[in-house]
Amino acid sequence: MRVVQVTATIRNPADHDRSWDGLFLVDTGSTDCVVPGDALRSIGLVPRGTRTYELADGREETVDIAPAEVEFMGEIVGATICFGSPGVEPILGLTALESVGIEVDPVSQRLKRRPAVRMKRRQAAPELTAL
């Protein structure tokens with residue numbers, strides 16, 4: 001399987017003038033995005049909590065997280081960003097991709113835009129009848 005990468009911008013939602021650009025590995029096995037923590041701090045992001053993730057080898061790792069804006073392929077989405085180690089390869093996770101209707105084409109191994117973002121239609125609750 002070919003490596004799929006995309007250029008993306010991480011933006012501080014409280015100050016849109018503060019941003020960081022990078023080449024991200026598209027990882028459909030990752031839920032959230034990962035960016036070197038020093039890069040996130042340089043644009044004024046600070047951890048807002050921690051989350052435990054299961055790594056590909058089965059180990060668990062607890063990392064700092066924060067909300068941020070992610071811009072790629074002309075789309076902007078709010079996403080959870082993990083504070084990675086210095087020098088870690090940035091990862092664009094599945095949640096950011098799906099939120100804007102972009103997926104990896106399994107044949108060409110390239111990103112493609114869906115005609116529409118997927119959304120489950122919620123049915124109205126059935127009326128309760130008196131017994």
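- In this structure, S85 and P36 have side chains that are not in contact, with every pair of non-hydrogen atoms separated by 4.5 Å or more.
- A salt bridge links R51 to D32: at least one charged side-chain nitrogen sits closer than 4.0 Å to a carboxylate oxygen.
- Taking CG of L94 as the start and OG of S99 as the end, the distance is 9.0 Å to the nearest 0.5 Å.
- Taking the side chain as every heavy atom from C-beta outward, R11 and R18 never approach each other to under 4.5 Å.
- The structure places OG1 of T7 at 11.5 Å from CD of E71, a figure rounded to the nearest 0.5 Å.
- Between the side chains of T52 and T62, a donor-acceptor pair is found at a separation under 3.5 Å.
- The side-chain heavy atoms of D27 and L92, taken from C-beta on, include no pair separated by under 4.5 Å.
- Among all heavy-atom pairs drawn from P13 and A68, the shortest one is CD-CA, 3.9 Å.
- In this structure, CG on D15 lies 10.0 Å from CG on L45, to the nearest 0.5 angstrom.
- To the nearest 0.5 Å, atom CZ of residue R48 and atom OG1 of residue T80 are 11.0 Å apart.
- A distance of 5.0 Å separates CD in E61 from CG in L55, rounded to the nearest 0.5 Å.
- V34 and I10 fall into different hydrophobic clusters, where Ile, Leu, Val, Met, Phe, Trp and Tyr side chains are chained together by heavy-atom contacts under 4.5 Å.
- Side-chain contact check for P47 versus R41: some heavy-atom pair is nearer than 4.5 Å.
- Between M73 and I102 there is a side-chain heavy-atom pair separated by less than 4.5 Å.
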Side chain to side chain contact (heavy atoms under 4.5 Å, CB included) for V70 and F24? Distances and angles first, verdict last. CA-CA 11 Å; V70 181; F24 285 67; 5.9 Å; no
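- Here the side chains of H16 and E69 are in contact, with some heavy-atom distance below 4.5 Å.
- Using a 4.5 Å cut-off on side-chain heavy atoms (C-beta onward), V63 and Y53 make contact.
- At a threshold of 4.5 Å between side-chain heavy atoms, the hydrophobic network of Ile, Leu, Val, Met, Phe, Trp and Tyr places I91 and F83 in two separate groups.
- Minimum interatomic distance between W20 and P90 (heavy atoms only, all atoms of both residues): CH2-CG, 3.6 Å.
- Residues L97 and V26 have side chains in contact (heavy-atom distance under 4.5 Å, counting atoms from C-beta outward).
- Judged by distance alone, the side chains of D21 and T9 do bring a donor and an acceptor atom under 3.5 Å apart.
- Taking SG of C82 as the start and CG of L40 as the end, the distance is 9.5 Å to the nearest 0.5 Å.
- Considering all non-hydrogen atoms of both residues, T50 and I65 come closest at N-CG1, 4.1 Å.
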